[in-house]
A.B. asks: 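Sharing a structure, written as structure tokens. Questions coming.
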Amino acid sequence: MTNPLDLPFDTDEMLAGLKPWIETESPTFDRAAVNRMMDVVQHDLAALGARVERIPGRMGLGDSVRASLPHARAGEGGILLLGHLDTVHPVGTLAKLPYRREGDICYGPGLMDMKGGNYVYLDALRKLLSAGVETPLPVTVLFTPDEEIGTPSTRELIETEAKRHKYILVPEPARPDGGAVIGRYAIARFNLQTRGKPSHAGWALSEGRSAIADMARAVGRIEAMTSEDCTFSLGVFHAGQWVNCVSSVCDAEVLSMAKTQADLDAGIERMMALNSEEGDVIMEVRRGVTRPVWEPGQPGTMAMLSLAQEIAGEIGFELTGSSAGGGSDGNFTGFLGLPTLDSIGVRGKGLHTLNEHIQVDSLVERAKLAAALFCRLEA
């Protein structure tokens with residue numbers, strides 16, 4: 001059998017293949033843009049000979065793509081490659097962050113998080129198929145459209161599909177030290193609204209009660225609740241249309257990250273305690289989507305990590321494994337107790353910023369890791 005570490009992975013070829021992925025911008029809330037990205041990937045999967053299924057989106061969000069790679073036991077549960085194709089970058093970001101290589105670095109919106117990792121793992125499958133190598137277990141690919149907003153529309157799809165499989169690979173970007181993730185902190189989202197009393201800001205200012213002012217005061221109180229074990233950050237703030245009007249409504253969104261379920265429960269309780277109908281301005285707090293705690297140390301996941309570390313040693317790099325914040329769809333599969341190896345994608349920096357980039361040498365490195373995992377994960 002061909003050694004998967006000897007497959008002819010080529011950096012320039014991968015960079016060329018990635019270009020249409022990165023130049024097809026796909027911010028979560030732009031359904032049409034996300035679906036254009038799904039078109040690109042659906043074509044690439046079909047070109048591999050995969051049996052591809054397009055799953056219509058819901059909640060106003062984009063579609064998902066599910067594909068079964070050619071295999072004598074195709075359709076049986078084996079390895080699930082799980083990734084998202086939405087990004088945080090609005091359409092037009094390419095004007096500020098064009099896809100380009102500068103020496104050992106390649107830039108582009110969504111390249112690190114997580115189109116680069118998704119592409120690399122598909123390229124590993126492409127090379128295995130070209131070499132006539134059949135993996136011990138069949139491989140299914142599931143790409144989803146809404147991870148960046150907490151996976152509100154596809155969590156059930158992910159969990160149902162994952163339960164059919166023995167192993168889940170999530171090629172989110174590698175940790176800063178290049179390591180994998182074997183557990184994740186919980187993430188909770190909250191939608192806030194203050195409601196005050198409108199008035200003309202020029203000649204009747206004293207008659208109004210500003211929803212903006214009340215929300216602004218709440219920001220400090222909320223972020224002051226942050227501790228080492230549970231953090232709070234207000235990242236979205238919407239209010240006002242006219243500067244000469246006292247704003248009567250202000251909307252905001254808060255993200256909380258907790259290391260344990262107890263920390264999460266306590267944080268949720270503190271946020272919900274901000275609900276108030278007293279005074280001139282009402283504060284309403286509603287729960288948003290939540291990612292459960294994925295506790296580290298699960299035997300199946302640790303066995304996958306051990307195998308990945310053995311492969312990494314053969315390639316020539318060290319692969320650590322630890323819990324992490326940030327949240328991913330691995331939270332769901334790990335929470336279910338399914339063997340899950342996360343953050344095994346490309347190395348880079350600046351995700352979610354206009355400096356998002358990857359280390360070019362990580363493309364071949366991670367493709368070899370992917371190919372070997374596909375070949376050595378067995379029943």
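Both backbone and side-chain heavy atoms feed into the values below; hydrogens, waters and symmetry mates do not. Only a predicted model underlies this, so the values are computations on that prediction, with no experimental measurement involved.
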A.B. asks: Just by modelled atom types, is the M38 backbone N or O under 3.5 Å from a matching donor or acceptor in the N35 side chain?
C.D. replies: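 Here the side-chain-to-backbone pair does not exist.
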A.B. asks: Ignoring hydrogens and angles, state whether a donor on the side chain of T140 or R51 is under 3.5 Å from an acceptor on the partner side chain.
C.D. replies: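 Looking only at side-chain atoms, R51 and T140 do not form any donor-acceptor pair under 3.5 Å.
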A.B. asks: Return the set of residues passing side chain to side chain donor-acceptor pair (under 3.5 Å) with Q42 (not counting sequence neighbours), or none when no residue passes.
C.D. replies: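 Partners of Q42 under the side chain to side chain donor-acceptor pair (under 3.5 Å) test: R54.
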A.B. asks: Does any N or O in the side chain of S256 come within less than 3.5 Å of the main-chain N or O of A188, such that one atom is a donor and the other an acceptor?
C.D. replies: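 Side chain of S256 to backbone of A188: no pair is present.
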A.B. asks: If every non-hydrogen atom of G330 is compared with every non-hydrogen atom of V170, which pair is closest and at what distance?
C.D. replies: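 Looks like CA-CG2, 4.4 Å.
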A.B. asks: Would you please name every residue forming a salt bridge (Lys or Arg N to Asp or Glu O under 4.0 Å) with D280, sequence neighbours left out?
C.D. replies: R209
A.B. asks: Hey, mind stepping through R126 and D123 against salt bridge (charged side-chain N to carboxylate O under 4.0 Å, His left out) and telling me if it holds?
C.D. replies: CA-CA 5 Å; R126 182 182 294 109; D123 196 59; 2.6 Å; yes
A.B. asks: Quickly, which of D342, T333, D113, T340 forms a side chain to side chain donor-acceptor pair (under 3.5 Å) with S328? Name it, please.
C.D. replies: D342
A.B. asks: Kindly give the heavy-atom pair with the smallest separation between G108 and I22, and that separation in Å.
C.D. replies: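 Minimum heavy-atom contact is CA-CG2, 3.8 Å.
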A.B. asks: For S227 and C230, indicate whether the former's side chain and the latter's backbone hold a donor-acceptor pair under 3.5 Å.
C.D. replies: yes
A.B. asks: Taking all atoms of both residues into account, what is the closest heavy-atom pair of C106 and Y99, and its distance?
C.D. replies: SG-CE1, 3.4 Å
A.B. asks: Can any side-chain N or O of E253 pair as donor or acceptor with the backbone N or O of L192 at less than 3.5 Å?
C.D. replies: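 Side chain of E253 to backbone of L192: no pair is present.
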A.B. asks: Working to the nearest 0.5 Å, report the span between CG of L157 and OG1 of T154.
C.D. replies: 6.5 Å
A.B. asks: Could you check whether E134 pairs with R73 (Lys NZ or Arg NE/NH1/NH2 to Asp/Glu carboxylate O, under 4.0 Å)?
C.D. replies: no
A.B. asks: Closest approach of L264 and A186, non-hydrogen atoms and distance?
C.D. replies: CD2-CB, 3.6 Å
A.B. asks: Show the nearest heavy-atom pair for residues I282 and S276, with the distance to one decimal.
C.D. replies: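 It is CG2-O, 3.2 Å.
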A.B. asks: Crowded around D361 CG? As in, over 12 foreign heavy atoms under 6.0 Å?
C.D. replies: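 Result for CG/D361: enclosed.
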A.B. asks: Restricting to side chain to side chain donor-acceptor pair (under 3.5 Å), what partner residues turn up for R100, sequence neighbours left out?
C.D. replies: E102
A.B. asks: Do the side chain of D63 and the main chain of G57 share a donor and acceptor less than 3.5 angstrom apart?
C.D. replies: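 Yes, the answer is positive, given that a donor and an acceptor are paired below the 3.5 Å cut-off.
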A.B. asks: More than 12 heavy atoms of other residues, nucleotides or ligands under 6.0 Å from CZ of F317: is that the case?
C.D. replies: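 Yes, because the 6.0 Å sphere around CZ of F317 holds more than 12 heavy atoms from other groups.
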A.B. asks: Distance only, no hydrogens: is a donor on one side chain within 3.5 Å (strictly under) of an acceptor on the other, for S248 and R195?
C.D. replies: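 Looking only at side-chain atoms, R195 and S248 do not form any donor-acceptor pair under 3.5 Å.
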A.B. asks: Any salt bridge linking E207 with K197? Criterion: basic side-chain nitrogen under 4.0 Å from a carboxylate oxygen.
C.D. replies: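 K197 and E207: not salt-bridged.
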A.B. asks: Indicate whether the side chain of N118 and that of W21 have a donor and an acceptor atom separated by less than 3.5 Å.
C.D. replies: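 No pair is found: no donor N or O on one side chain lies under 3.5 Å from an acceptor on the other.
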A.B. asks: Salt bridge (charged side-chain N to carboxylate O under 4.0 Å, His left out) for R101 and D12? Distances and angles first, verdict last.
C.D. replies: CA-CA 10 Å; R101 179 179 182 176; D12 291 335; 3.3 Å; yes
A.B. asks: Please check if the number of heavy atoms outside H43 that lie under 6.0 Å from its NE2 is greater than 12.
C.D. replies: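 Count not over threshold, so no.
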A.B. asks: Under 3.5 Å, is there a donor-acceptor pair linking the side chains of D146 and S153?
C.D. replies: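 Yes, S153 and D146 have a side-chain donor paired with an acceptor closer than 3.5 Å.
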A.B. asks: I'd like to know if the side chain of S343 reaches the main chain of P173, judged simply by a donor and an acceptor atom lying under 3.5 Å from each other, with no hydrogens or angles considered.
C.D. replies: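 Yes: the side chain of S343 pairs with the backbone of P173.
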A.B. asks: Is there a donor-acceptor contact under 3.5 Å linking the side chains of D329 and T151?
C.D. replies: yes
A.B. asks: Pair E365, R347 - check salt bridge (charged side-chain N to carboxylate O under 4.0 Å, His left out), show working.
C.D. replies: CA-CA 10 Å; E365 172 190 284; R347 292 181 283 108; 3.1 Å; yes
A.B. asks: Checking E25 side chain against G92 main chain: does a donor-acceptor pair fall under 3.5 Å?
C.D. replies: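 Answer holds: yes.
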A.B. asks: According to ring pair (Phe, Tyr, Trp, His ring centres under 6.0 Å), does anything in residues 324-364 pair up with another residue at least two apart or in another chain? List the pairs.
C.D. replies: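 Qualifying pairs, neighbours excluded: Y107-H357.
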A.B. asks: Looking only at atom types and distance, does a side-chain atom of R366 sit under 3.5 Å from a main-chain N or O of G345, one as donor and one as acceptor?
C.D. replies: yes
A.B. asks: Name each donor-acceptor pair under 3.5 Å that joins a side chain in residues 369-379 to protein atoms two or more places apart or in another chain, with its distance.
C.D. replies:
unit_1, atom_1, unit_2, atom_2, d
R376, NH1, E314, OE2, 3.0
R376, NH2, E314, OE1, 2.9

A.B. asks: How many angstroms lie between atom CD of E76 and atom NZ of K166, to the nearest 0.5 angstrom?
C.D. replies: 7.0 Å
A.B. asks: Test your reading of the model: is there a side-chain donor-acceptor pair from S26 to the backbone of L85, 3.5 Å cut-off?
C.D. replies: yes
A.B. asks: For G235, is there any backbone N or O sitting under 3.5 Å from a side-chain donor or acceptor partner on S233?
C.D. replies: no
A.B. asks: Determine, for E159 against K163, whether the closest basic-nitrogen to carboxylate-oxygen distance falls under 4.0 angstrom.
C.D. replies: no
A.B. asks: Going by distance alone, is a donor N or O of one side chain under 3.5 Å from an acceptor N or O of the other, for S323 and K259?
C.D. replies: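 S323 vs K259: no donor-acceptor pair found between side chains.
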A.B. asks: Under the salt bridge (Lys or Arg N to Asp or Glu O under 4.0 Å) rule, collect the residues that match up with E295, sequence neighbours excluded.
C.D. replies: none
